[in-house]
> 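Please read through the structure below; I'll follow up with questions.
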There are 4 protein chains.
Amino acid sequence: MSKHDKIIDAAMEVISEKGFEKTSISEIVKRAGIAQGTFYLYFKTKSSLIPAIASRLLSITLERIKSKDTEGESFWYFLDNLIEETFTITEEHKEVITLCYSGLAIEHSMEKWEAIYEPYYHWMESTIEKAISKGEIQEQININLTAQFIINMIENTAERYYMTSEHEDSVGMHKKEIFTFIKRSLCNA
Amino acid sequence: MSKHDKIIDAAMEVISEKGFEKTSISEIVKRAGIAQGTFYLYFKTKSSLIPAIASRLLSITLERIKSKDTEGESFWYFLDNLIEETFTITEEHKEVITLCYSGLAIEHSMEKWEAIYEPYYHWMESTIEKAISKGEIQEQININLTAQFIINMIENTAERYYMTSEHEDSVGMHKKEIFTFIKRSLCNA
Amino acid sequence: MSKHDKIIDAAMEVISEKGFEKTSISEIVKRAGIAQGTFYLYFKTKSSLIPAIASRLLSITLERIKSKDTEGESFWYFLDNLIEETFTITEEHKEVITLCYSGLAIEHSMEKWEAIYEPYYHWMESTIEKAISKGEIQEQININLTAQFIINMIENTAERYYMTSEHEDSVGMHKKEIFTFIKRSLCNA
Amino acid sequence: MSKHDKIIDAAMEVISEKGFEKTSISEIVKRAGIAQGTFYLYFKTKSSLIPAIASRLLSITLERIKSKDTEGESFWYFLDNLIEETFTITEEHKEVITLCYSGLAIEHSMEKWEAIYEPYYHWMESTIEKAISKGEIQEQININLTAQFIINMIENTAERYYMTSEHEDSVGMHKKEIFTFIKRSLCNA
DNA sequence: CATGAATGAGGGTTCATTCAT
DNA sequence: TATGAATGAACCCTCATTCAT
């Protein structure tokens, strides 16, 4: 693996454990198995890590979600799978995700951030459109906002679940209830 | 105003501008008009500010939302008002809200956090129950989770809106679309 | 002694030994017997030491030179004393003097620097004027520039002497030769 | 041009802009168009640049001063030219000159430094001797020290002029006044 | 209760130098 | 010779916290 990638991996690990501000470069490089100065060959500053991490994170997410073939299936099958994967990824990377959503992201150009998320939103929109054309969901909705609602709602519920709850047994009910909530709102009764 | 409250106000101000980690006690005390050491008469450490801020924040929120009398009105009237107030408060305090949601909150007992939010959730649950008994919304839902969904969905949409968007003119459409999304999901068709 | 003055003294010591850039704050504070952070209560940055040192240095110089009463004496008696004192002070503080003259001074407003030297130059000018009115030195000279020539020539010769020479036995000859050089140039033959 | 010379040129450029300590090898090699490691094939350490620069500088100076033929002319004509050239060179290279004079030079054997300046002083001494034998200047002077006085006085006045002054219009008066100051001191009345 | 000067550990970052290619 | 990625010690500076008053 390239040193660049080793650094990102190490950073994601340490940030997951300590949060961004409390993560020191020296901890990152120790974990990555490189020297202190080497970090600065690949990243100009500590905070320039953030866009790189965000990008890596979305790659993982999209790759995983797309890997499951939902082509011939109904929108509801697809939605179920989306919920499942989002919970899994969130559990694995909750700290880093929080970082990317949180205030630090603001320091960096929102354009970059939006650009990173763009493919995800876009792909969700086209999925919705297909579902509409198949008559699975109703057509009065604002597609763009609805795509964001769905993605955000699932992600945020997953985050809250893993950030606040210890009683993990109820995860199934959480997933089922979001699914139902969304389906009721969208389905072409 | 008591020194305790002056400190909280100053802290919320500075944190809103700089984020938590980059906020220094010396900036807080300067803004509060007290001496450096006085801070430690009221708070054990810097991070013990967080629960106090969260608590203050929820007080503001609940107070504002409850101030509007929606007693005799329909659930949808109430929902509309809830969305309106949440957007307003979020715009005013987005940075602090982010802090409270984000990773730093983790350092502190989630029990405390849950305890702080408890009255808000509880009040929402009873509002939902009333709506069910009035036949306004359907009854197959998990009341507890649905209460969380609604609150979180509105809060998160508001946060995203104010964190990412510059085209503030569309705020009306955002509010309307959430309202519709929730209503479709809940209404007793 | 105040901590502020302790810092300046320690700084002058260490800079004398190592030069400015190679002098670390940690060495200064160790020598001053204070904590690392305390330095920053008195000086904003490392380089803000320089004007303070320059000021201190000129105080020493002026004080010493003026302490010898040359009131009723001839200009040449005064000149002889000036050479003597300048060599003594230069020997004691040559490194710091070099720093103040050298490029680092450029980083700071030349106005400040000129302001610091102003009293010295001014005092020399009035001494020259008195000598002219007493008929001791000729009157065609540019008083302002001549004052600078004398001061600089003596200071620079002293600096060079202590910076380059090891054969300190010839110091007397250096002093005598400058004296003569200047006297020949100025005396009202 | 050899790589060795490219390095010196680049170093003089960067040092002129930033000062010695703040000049990084990486900036020098970038400017010289060579690789980082190549530097160390030609210079043992960063500070071993200094004698090389000093040497180059004196070559330039001597070359320029000697290029003007003052053979048949009077000493005063020669002196006038010397002042002129010194001001010109000082203006071009003031930063590097300062470096060479300043404390950093101390780190290196003064013998080397003296050796570098030796030809300059020597040439000045023989010029003075010739002037004495022609009866242009008086003979009671210490030739060696007087040579140094003249060179240093002119150099230092030029340095001070370009380091402190912004009102460059008065440069003519500065030159004229040094000339007169020296001439009065030396001339065989 | 209140003060604010003092502390000192620890942070991010720079850069002269080395070495495998 | 020439390269440039890699190194890691050392730097300046910040700031949460303490304590004598």
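Numbered from 1 within each chain, the chains take letters A, B, ... in sequence-line order.
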> Could you tell me the separation between the NZ atom of D/Lys3 and the P atom of F/dG4, rounded to a whole number of Å?
11 Å
> If we call it a pair only when both distances are under 3.5 Å in a Watson-Crick or G-U wobble match, what pairs with F/dC11?
E/dG12
> Rounded to the nearest 0.5 Å, what separation is found between the NE2 atom of C/His4 and the CD1 atom of C/Ile7?
7.5 Å
> Is any NZ, NE, NH1 or NH2 atom of the basic residue among A/Glu13 and A/Arg31 found under 4.0 Å from an Asp or Glu carboxylate oxygen of the other?
yes
> Mind calculating the distance between OH (A/Tyr42) and C1' (E/dT13) to the nearest angstrom?
18 Å
> Rounded to the nearest 0.5 Å, how far apart are OG1 of C/Thr45 and CD1 of C/Ile50?
8.5 Å
> In this structure, how many angstroms lie between the C1' atom of E/dG11 and the NZ atom of A/Lys30, rounded?
14 Å
> Whole Å only: how far is the NZ atom of B/Lys6 from the C1' atom of E/dC1?
14 Å
> Counting Watson-Crick and G-U wobble pairs only, both distances under 3.5 Å, name the nucleotide matched with E/dT17, or none.
F/dA6
> Measure the NZ-CD1 distance between D/Lys18 and D/Ile15 for me, rounded to the nearest 0.5 Å.
11.5 Å
> Find the distance A/Ile34:CD1 to F/dA9:P and express it as a whole number of Å.
15 Å
> Are the side chain of D/Ser55 and the backbone N or O of D/Ala52 linked by a donor-acceptor pair below 3.5 Å?
no
> Where along nucleotides 15-21 of chain F does protein come under 4.0 Å, by heavy atom, of base (B) or sugar-phosphate alone (S), with - for untouched nucleotides?
BSBB---
> Could you tell me the separation between the CZ atom of B/Phe39 and the NZ atom of B/Lys44, rounded to the nearest 0.5 Å?
12.5 Å
> When all nucleic acid strands are considered with a 4.0 Å heavy-atom cut-off, which category describes B/Phe43: base, sugar-phosphate, or nothing?
nothing
